[in-house]
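Below is one structure, written out as structure tokens; the observations come after it.
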Amino acid sequence: MTVDLPMSPNVAAAFDAFPPSARERLVELRALIFETAAATPGVGPLTETLKWGEPAYLTEATRSGSTIRLGVTRSDPPRCAVYLNCKTTLVEEYRAAFADVFDYEGNRAVLLDPASALPRQAMAQVVAMALTYHHRKRNAA
């Protein structure tokens, strides 16, 4: 399933500001976020905005999940980063489920090499877990 959603000028400018080596992968991640949201029960529509000048995806309508933000690391060469709220247990959950699939930055990001193949199935699970984080925590309580 491919989702072709328009991008606001501000968000498009943020993607254009990323290094060319990372931009294509980040646009691919954007599409995967929207595809996963559409396929995940209870998530509802996403709000695409900028946080700290980077594209961010929120479940404002349902409040089912935690914000996902896309960016690049400051390392050389830059790596793609899927940033999450560091006060959640999301990265800890990802490390347990996907130890051999992804690299991580502390408790705040999943890191991807833009030159390597995207592990789509695992990344879709990462996205779904973030987009349902609050819903899952409420149901577990």
Side-chain angles (χ1 to χ4, degrees), residues 1-75 77-141:
M1 174 178 163
T2 301
V3 177
D4 185 24
L5 293 174
M7 193 182 293
S8 76
N10 289 345
V11 172
F15 275 102
D16 288 344
F18 289 129
S21 62
R23 186 177 312 130
E24 186 175 327
R25 172 55 42 85
L26 292 169
V27 169
E28 183 181 8
L29 286 168
R30 175 188 187 261
L32 183 64
I33 290 168
F34 279 106
E35 290 168 16
T36 303
T40 305
V43 171
L46 293 183
T47 300
E48 181 176 47
T49 189
L50 296 178
K51 288 198 178 247
W52 297 282
E54 297 173 323
Y57 304 88
L58 296 72
T59 58
E60 283 185 315
T62 62
R63 302 201 179 283
S64 66
S66 186
T67 299
I68 299 171
R69 184 170 48 94
L70 299 179
V72 294
T73 63
R74 294 190 175 141
S75 61
R79 299 177 77 191
C80 296
V82 177
Y83 291 107
L84 303 138
N85 184 324
C86 63
K87 294 180 180 170
T88 67
T89 59
L90 284 165
V91 173
E92 180 182 326
E93 292 174 39
Y94 301 156
R95 275 194 174 100
F98 308 108
D100 299 337
V101 179
F102 300 112
D103 291 329
Y104 303 92
E105 182 179 294
N107 62 346
R108 62 185 235 128
V110 176
L111 303 178
L112 300 160
D113 179 349
S116 298
L118 177 66
R120 282 188 66 83
Q121 186 173 5
M123 183 52 68
Q125 289 179 294
V126 161
V127 169
M129 290 168 73
L131 296 177
T132 59
Y133 180 77
H134 295 301
H135 176 74
R136 291 184 297 113
K137 293 298 177 185
R138 283 190 298 264
N139 285 347

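Computed over heavy atoms, backbone and side chain alike; hydrogens, waters and symmetry mates excluded. Bear in mind that the values here come from a model prediction, so they are computed numbers and not experimental data.
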For the residue pair [X] and [Y], what are the closest heavy atoms and their distance?
X: Ala22; Y: Pro114; value: CA-CB, 4.0 Å
X: Ala109; Y: Tyr83; value: CB-CD2, 3.6 Å
X: Leu131; Y: Ile33; value: CD1-O, 4.1 Å
X: Ala14; Y: Gly53; value: CB-O, 3.6 Å
X: Val101; Y: Ala122; value: CG1-CB, 3.9 Å
X: Leu70; Y: Phe18; value: O-CZ, 3.7 Å

Test side-chain contact (heavy atoms from CB on, under 4.5 Å) on Thr88 and Glu93 and set out the steps.
CA-CA 10 Å; Thr88 67; Glu93 292 174 39; over 6 Å; no
Does this structure show an ion pair linking Arg25 with Glu28, if we count only N-O contacts that are shorter than 4.0 Å?
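Result for this pair is yes, salt bridge flagged.
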Could you tell me whether Glu48 and Arg30 make a salt bridge, using a distance below 4.0 angstrom between a side-chain N and a carboxylate O?
yes
Considering residues at least two apart in sequence or located in another chain, which fulfil the side-chain hydrogen bond (donor to acceptor under 3.5 Å, both in side chains) criterion with Glu60?
Thr47
Measuring from atom [atom1] of [X] to atom [atom2] of [Y], what distance do you get when rounded to the nearest 0.5 angstrom?
X: Glu54; Y: Arg69; atom1: CD; atom2: CZ; answer: 4.5 Å
X: Leu84; Y: Ile68; atom1: CG; atom2: CD1; answer: 6.5 Å
X: His134; Y: Asn139; atom1: NE2; atom2: CG; answer: 13.0 Å
X: Leu32; Y: Arg120; atom1: CG; atom2: CZ; answer: 5.0 Å
X: Asp103; Y: Arg79; atom1: CG; atom2: CZ; answer: 4.5 Å
X: Lys137; Y: Ser66; atom1: NZ; atom2: OG; answer: 11.0 Å

side-chain contact (heavy atoms from CB on, under 4.5 Å) between Leu46 and Thr59, worked out:
CA-CA 5 Å; Leu46 293 183; Thr59 58; 3.8 Å; yes
How about Val110 and Leu90: do any of their side-chain heavy atoms sit closer than 4.5 Å?
no
After noting the C-alpha distance and the side-chain angles of Thr36 and Val43, does the key distance pass the side-chain contact (heavy atoms from CB on, under 4.5 Å) rule?
CA-CA 9 Å; Thr36 303; Val43 171; over 6 Å; no
Do other residues, nucleotides or ligands put more than 12 heavy atoms under 6.0 Å from the NE2 atom of His135?
no
For Arg95, I'd like to know if atom CZ has over 12 heavy atoms of other residues, nucleotides or ligands within 6.0 Å.
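Yes.
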Return yes if some donor-acceptor pair links the side-chain N/O of [X] with the main-chain N/O of [Y] below 3.5 Å, else return no.
X: Tyr133; Y: Thr67; answer: no
X: Ser8; Y: Val11; answer: yes
X: Asn107; Y: Val91; answer: no

Take Leu29 and Leu118 through the test side-chain contact (heavy atoms from CB on, under 4.5 Å) and record every step on the way to the result.
CA-CA 9 Å; Leu29 286 168; Leu118 177 66; 4.0 Å; yes
Can you label the angle between the Phe102 ring and the Tyr104 ring as parallel, tilted or perpendicular, going by 30° and 60°?
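Ring orientation of Phe102 relative to Tyr104: perpendicular.
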